[in-house]
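First comes the structure, then the notes that go with it.
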Amino acid sequence: MPAPIAIANITDSQQQLLIQRPAHGLSLCGRIRVPGDKSISHRALMLGAIATGETAIEGLLLGEDPRSTASCFRALGAEISELNSELVRVRGVGIGQLSEPADVLNAGNSGTTIRLMLGLLAGQKGRFFSVTGDASLRSRPMSRVVKPLREMGAQIWGRQNDSLAPLAIAGQQLRPIHYRSPIASAQVKSCILLAGLLAEGQTTVTEPALSRDHSERMLKAFGAEISTDPETHSVTVTGPARLAGQPVVVPGDISSAAFWLVAASIVPDSELLIENVGVNPTRTGILDALEMMGADIAQENLRLVAGEPVADLRVRSGQLQACEIGGNIIPRLIDEIPILAVAAAFAKGTTVIRDAAELRVKESDRLAVMAAQLSRLGARVTELPDGLEIAGGAPLTGTEVDSQDDHRVAMSLAIAGLMATGTTTINRAEAAAISYPNFTPTLQQICG
Ligand code: S3P
């Protein structure tokens with residue numbers, strides 16, 4: 001019998017992941033760790049690069065996205081040691097002291113890299129920068145950050161009315177603003193707060209719902225003056241700020257843990273312990289949603305590590321029930337909706353996910369792609385303008401599916417494949433390395 005999980009190299013850069021469900025069934029068990037949190041990894045590199053002194057980062061994610069951030073900030077003058085998950089040392093240049101690189105800055109596939117970096121570049125007086133990314137990133141909306149940055153006095157130009165990368169930035173003295181963001185987006189909020197570090201006075205961002213607050217926490221730890229108003233979802237930074245390098249410990253990424261939480265919930269007779277997972281309340285919407293669905297997940301050994309809450313998550317399989325989600329929970333599980341759709345395909349009843357139109361402008365149009373790819377496997381999924389409707393319980397049959405170069409789609413389809421009969425082949429599976437380079441070995445480990 002072929003190995004239940006195998007990788008086929010199609011070209012030097014393209015891989016297929018084959019998931020073969022054994023005839024006698026499968027159960028998942030073991031104790032695992034997930035890689036470092038992607039959002040926190042980006043921020044640790046960036047704040048380290050603009051602080052004075054040294055920032056020592058433990059547990060950095062070695063995915064493609066943080067690598068893009070590291071290479072951009074090296075080009076901007078920061079000294080960043082070779083990336084590894086034990087210890088990365090960053091020697092910063094000081095807040096308004098990024099140097100003008102000789103070439104275009106390339107953010108690769110990473111929305112967080114380009115949008116947060118734009119906030120920092122806009123205020124580097126007298127220097128000129130150009131930024132770009134891969135085909136996916138060049139199609140993602142940048143006006144959401146260009147518009148508020150311009151209100152602060154930034155000079156930015158780009159394709160299609162300055163809304164798409166490549167973008168050109170001429171650094172200026174910025175002025176503080178109060179920005180009322182129409183979307184709950186941590187990338188928008190963080191971009192404006194980082195720009196606010198260089199503006200004189202108070203820069204405030206108000207969001208319609210609270211998005212992840214890693215920037216606020218880390219900026220405070222680095223010495224910036226930050227105040228928050230939880231009632232109005234507002235954050236204020238006072239500039240000009242001075243940041244001092246700090247030790248950062250990056251917890252495991254709950255967005256990566258989500259694949260195993262769902263896998264162990266839907267594959268019968270499974271039990272997994274996922275150690276050292278970040279459980280910042282702005283990120284735990286997936287735990288709340290799975291709890292609503294009746295999943296058996298316990299948080300053990302809850303502790304605070306370098307300003308972020310961390311726990312070990314124990315998950316056991318059980319029959320899931322459908323749920324309806326929308327509103328303020330959406331920003332708290334925005335990246336987990338693809339894998340939540342997989343959970344819903346195995347739940348009793350019809351799950352409805354709404355208010356998630358933002359998924360259309362992620363690394364792919366995740367609503368369209370998940371609806372199409374899960375349907376290919378036999379799931380009953382209807383695409384809504386702002387969400388998905390999934391009638392659970394349809395049997396899945398292995399076939400060829402495609403990640404559309406989206407890391408979270410690739411991994412979600414692999415988990416669906418564990419429960420499909422026959423062989424599921426995921427094309428362009430190498431995309432997983434954006435956020436989870438060891439996804440396949442870990443999958444093999446828990447299936448073994
Ligand atoms: C992120 C914010 C979210 C999320 C992304 C990471 C961040 O994007 O989807 O994966 O690190 O700030 P939006 O701000 O566009 O919602």
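Count residues from 1 along the sequence. We count ligands from 1, going down the list as the structure has it; atoms in each ligand are counted the same way.
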[X] atom [atom1], neighbour heavy-atom count above 12 within 6.0 Å:
X: Glu82; atom1: CD; answer: no
X: Glu225; atom1: CD; answer: no
X: Arg303; atom1: CZ; answer: yes

Test Ile80 against every option in Arg74, Arg91, Arg89 by the side chain to side chain contact (heavy atoms under 4.5 Å, CB included) rule and name the one that passes. Arg74
Picking from Leu167, Ile114, Leu116, Leu118, what satisfies side chain to side chain contact (heavy atoms under 4.5 Å, CB included) with Val145? Leu118
Report every pair formed by an N or O atom of ligand 1 and a protein N or O atom separated by less than 3.5 Å, giving atom names and the distance to 0.1 Å.
{"from": "ligand 1", "atom 1": "8 (O)", "to": "Lys362", "atom 2": "NZ", "distance (Å)": "3.1"}
{"from": "ligand 1", "atom 1": "9 (O)", "to": "Asp335", "atom 2": "OD1", "distance (Å)": "2.6"}
{"from": "ligand 1", "atom 1": "9 (O)", "to": "Asp335", "atom 2": "OD2", "distance (Å)": "3.4"}
{"from": "ligand 1", "atom 1": "9 (O)", "to": "Lys362", "atom 2": "NZ", "distance (Å)": "2.7"}
{"from": "ligand 1", "atom 1": "10 (O)", "to": "Asp335", "atom 2": "OD1", "distance (Å)": "3.4"}
{"from": "ligand 1", "atom 1": "10 (O)", "to": "Asp335", "atom 2": "OD2", "distance (Å)": "2.7"}
{"from": "ligand 1", "atom 1": "11 (O)", "to": "Ser39", "atom 2": "OG", "distance (Å)": "2.7"}
{"from": "ligand 1", "atom 1": "11 (O)", "to": "Arg43", "atom 2": "NH1", "distance (Å)": "2.9"}
{"from": "ligand 1", "atom 1": "11 (O)", "to": "Thr112", "atom 2": "OG1", "distance (Å)": "3.3"}
{"from": "ligand 1", "atom 1": "12 (O)", "to": "Arg43", "atom 2": "NH2", "distance (Å)": "2.7"}
{"from": "ligand 1", "atom 1": "14 (O)", "to": "Ser185", "atom 2": "OG", "distance (Å)": "2.6"}
{"from": "ligand 1", "atom 1": "14 (O)", "to": "Ala186", "atom 2": "N", "distance (Å)": "3.0"}
{"from": "ligand 1", "atom 1": "14 (O)", "to": "Gln187", "atom 2": "N", "distance (Å)": "2.8"}
{"from": "ligand 1", "atom 1": "15 (O)", "to": "Lys362", "atom 2": "NZ", "distance (Å)": "3.2"}
{"from": "ligand 1", "atom 1": "16 (O)", "to": "Lys362", "atom 2": "NZ", "distance (Å)": "3.2"}

What verdict does the side-chain contact (heavy atoms from CB on, under 4.5 Å) test give for Thr203 and Leu174, after you've listed the backbone C-alpha separation in whole Å, the side-chain angles of each residue and the deciding distance to 0.1 Å? CA-CA 10 Å; Thr203 295; Leu174 301 180; over 6 Å; no
